[in-house]
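Below, all heavy atoms of this structure are taken into account, side chains as well, without hydrogens, waters or symmetry copies. Lettering follows sequence order; numbering is per chain, from 1.
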Protein chains: 2
Amino acid sequence: MRLVIARCTVDYNGRLSAHLPEAVRLIMVKADGCVAIHADGGAYKPLNWMNAPNTLVDNGDHWVVTNPKAEQLVINLLEIIHEAGHELGDDPGLQKDGVEAHLQELLAATPGSIELGLTLVRREYPTAIGPIDLVCRDASGQVVAIEVKRRGEIDGVEQLARYIERLHLDSSLGAVRGVFVAQVVKPQARVLAEARGFTWVEVNYDDLRGLQTDELRLF
Amino acid sequence: MRLVIARCTVDYNGRLSAHLPEAVRLIMVKADGCVAIHADGGAYKPLNWMNAPNTLVDNGDHWVVTNPKAEQLVINLLEIIHEAGHELGDDPGLQKDGVEAHLQELLAATPGSIELGLTLVRREYPTAIGPIDLVCRDASGQVVAIEVKRRGEIDGVEQLARYIERLHLDSSLGAVRGVFVAQVVKPQARVLAEARGFTWVEVNYDDLRGLQTDELRLF
DNA sequence: GACTCTATCTCGGTA
DNA sequence: TACCGAGGTAGAGTC
């Protein structure tokens, strides 16, 4: 990784055009070739950047970074204040816990936590417009399509609506009911879900993990 | 800006849990307090981060960064390889050209480029669920609601559908037709638009800019 | 503060 | 490769 602190101007021409007036910034060039230009604030996002793969041509007072789509980043170096290179080596990568996939797994293991009497038919039930998170049957035998989200927003309700529209074309399933499940369901999503005739349920991730542990203890 | 190259492990607990095994990484602390941990590859996004505002407690061998929502980033420093601080000063900020707003302006100036005979009623037409990009009338006098996107994907079609549903409640407008406009309309968005009874149109940004220049020349 | 929408979104999976 | 969906989305704007 090459770190350069420099007074510079930067121009990007590609999906849009962008220009950075003269100022002191950090220019980061990673081992994979990607370039990022950071100011001393404004969260983690760089002001300007070029992902790998690309080719960097160092013309001394200005660098030209070009990617295969012919997008171009031009960095004009007016004054180099500091420069350093470091070998970091490979990174083992980030391990995550608590993303939507985990929530879906937990709910598939304990569908009764969504609604009493619910039994799982299938996870990732395939349709022509994409898989439905969970398909279940309720106590009365009716098919229930379930959309799982970490954060329940309006988009998720629309997604569920599309799936159910699709399932209604499959006459073998009979009438299909929709349930929208999330850790938090936003007010507007609640309204839309109800307007579409769906029920919505908020679930707690830690409780679910506890439930699953309890179930495992029974075996 | 403080730059530290160190062998470290990192744990984040907040909206999800994430863990980084031991490796050499760049730790960047900006003047506004935000912290980012970078590997030597993988585009501009850091492996882990904590935005401002937050409080950083330096316990020597480990840092604890906490934000107001009680989300926490813990950095265990096993070996500090390099450390440096730099004063960058304020940044004048990025100037952009070619984002959706510009596309919308150009289309508002030349609605005929979407469909022959179209005239603008209003840009950012207000509704209870957000503004409609463009509302026009066609040659026959029918109201046309237009959603503009740089990249036309399925979400944009749903957005248009919600707006039109809303406009239909306003009986004074009569029947409302939907048109989905983007520089590129993705296949799934085309299908959904057609299924919803909307037409879709692809437009070219540079051509539009040319058209507008031509119109200006007439005055 | 809640809600909206954009983004050079990024990133990962999959067909 | 293109397409699709999730994201600790972030960030800006509006109400």
Side-chain angles (χ1 to χ4, degrees), chain A residues 10-18 34-37 42-52 54 65 67-69 71-73 93-94 96-104 124 126 129-131 133 147-151 153-156 158-159 162 183-184 186-189 191-192, chain B residues 11-18 34 36 42-52 67 69-73 93-94 96-104 124 126-133 147-156 158-159 162-163 182 184-192:
Chain A
V10 184
D11 284 279
Y12 166 75
N13 269 285
R15 279 161 285 182
L16 56 64
S17 301
C34 72
V35 180
I37 291 135
Y44 67 67
K45 199 177 181 183
L47 294 163
N48 230 327
W49 69 91
M50 182 71 78
N51 284 351
N54 64 54
V65 190
N67 75 6
K69 288 179 198 157
E71 298 175 346
Q72 216 167 52
L73 190 71
L94 189 65
K96 286 188 188 182
D97 177 41
V99 293
E100 183 186 303
H102 298 135
L103 187 58
Q104 197 196 104
E124 302 284 353
I129 56 167
D133 288 339
E147 177 64 31
V148 178
K149 286 271 179 273
R150 256 182 356 99
R151 297 158 23 132
E153 297 179 19
I154 216 161
D155 282 10
E158 299 282 24
Q159 209 175 324
R162 286 200 300 274
Q183 288 172 278
V184 179
K186 292 290 179 74
Q188 295 230 346
V191 172
L192 186 65
Chain B
D11 285 279
Y12 165 76
N13 269 287
R15 277 162 283 183
L16 54 65
S17 301
C34 73
Y44 72 67
K45 199 176 181 184
L47 295 163
N48 230 328
W49 69 92
M50 182 69 80
N51 284 351
N67 75 6
K69 287 180 197 156
E71 299 176 348
Q72 215 166 54
L73 189 71
L94 188 65
K96 289 187 188 185
D97 176 41
V99 293
E100 184 188 300
H102 298 134
L103 187 57
Q104 198 197 103
E124 301 284 355
T127 78
I129 55 168
I132 305 178
D133 287 340
E147 176 64 31
V148 179
K149 286 269 179 269
R150 259 182 354 102
R151 297 159 29 129
E153 296 181 19
I154 216 160
D155 281 10
E158 297 284 24
Q159 210 175 323
R162 285 200 301 275
Y163 291 144
V184 179
V185 180
K186 293 293 178 72
Q188 293 225 348
R190 294 178 185 196
V191 172
L192 187 64

Under 4.0 Å, counting only non-hydrogen atoms across every strand here, what does B:Tyr44 touch: a base, just sugar-phosphate, or nothing?
sugar-phosphate
Applying the side-chain contact (heavy atoms from CB on, under 4.5 Å) test to B:Gln104, which of B:Glu124, B:Glu147, B:Arg150, B:Lys149 qualifies?
B:Glu124
In Å, rounded to the nearest 0.5 Å, how long is the span from OH of B:Tyr12 to CG of A:Leu94?
11.0 Å
I need the B:Leu103 CG to A:Leu16 CG distance, nearest 0.5 Å.
12.0 Å
Just how far is it from atom CZ of B:Arg190 to atom CD1 of B:Ile154, taken to the nearest 0.5 Å?
13.5 Å
Separation of C:dT8 P from A:Asp11 CG (nearest whole Å)
16 Å
Using a cut-off of 4.0 Å on non-hydrogen atoms, how would the nucleic acid contact of B:Met50 be classed: base, sugar-phosphate, or nothing?
base
Quick test of your reading of the model: are B:Glu153 and B:Arg151 salt-bridged, counting only N-O distances below 4.0 Å?
yes
Using the C1' atom in both, what is the distance from C:dT8 to D:dT14, to the nearest Å?
25 Å
Separation of D:dG5 C1' from A:Glu124 CD (nearest whole Å)
11 Å
Determine the Euclidean distance between corresponding C1' atoms of C:dA7 and D:dA6; express it in Å to zero decimal places.
15 Å
Shortest side-chain distance from A:Arg15, nucleotide among D:dA10, C:dC9, C:dC3
C:dC9
Select base, sugar-phosphate, or nothing to describe what B:Glu147 touches, counting heavy atoms under 4.0 Å on all strands.
sugar-phosphate
side-chain N/O B:Gln159 vs C:dT6 OP1/OP2, d < 4.0 Å:
yes
Looking only at side-chain atoms of A:Lys149, point me to the closest of D:dA6, C:dA2, C:dT8.
D:dA6
Counting runs of three or more consecutive pairs, Watson-Crick or G-U wobble, with each distance below 3.5 Å, where are the stems of DNA chain D?
C:1-7 with D:9-15, C:9-15 with D:1-7
Heavy atoms under 4.0 Å, any strand shown: does B:Asp155 hit a base, just sugar-phosphate, or nothing?
nothing
Reckon B:Arg162 has a side-chain N or O less than 4.0 Å from the OP1 or OP2 of C:dC5?
yes
When we call it a touch if two heavy atoms are under 4.0 Å apart, what does B:Pro131 touch: a base, just sugar-phosphate, or nothing?
nothing
Hey, what do you get for OG (A:Ser17) to CD (A:Gln72), rounding to the nearest 0.5 Å?
11.5 Å
Could you tell me how far C:dC5 sits from D:dG8 if I compare only their P atoms? Round to whole Å.
22 Å
Can you tell which of D:dA10, D:dG5, C:dT6 lies closest to the side chain of B:Ile154?
D:dG5
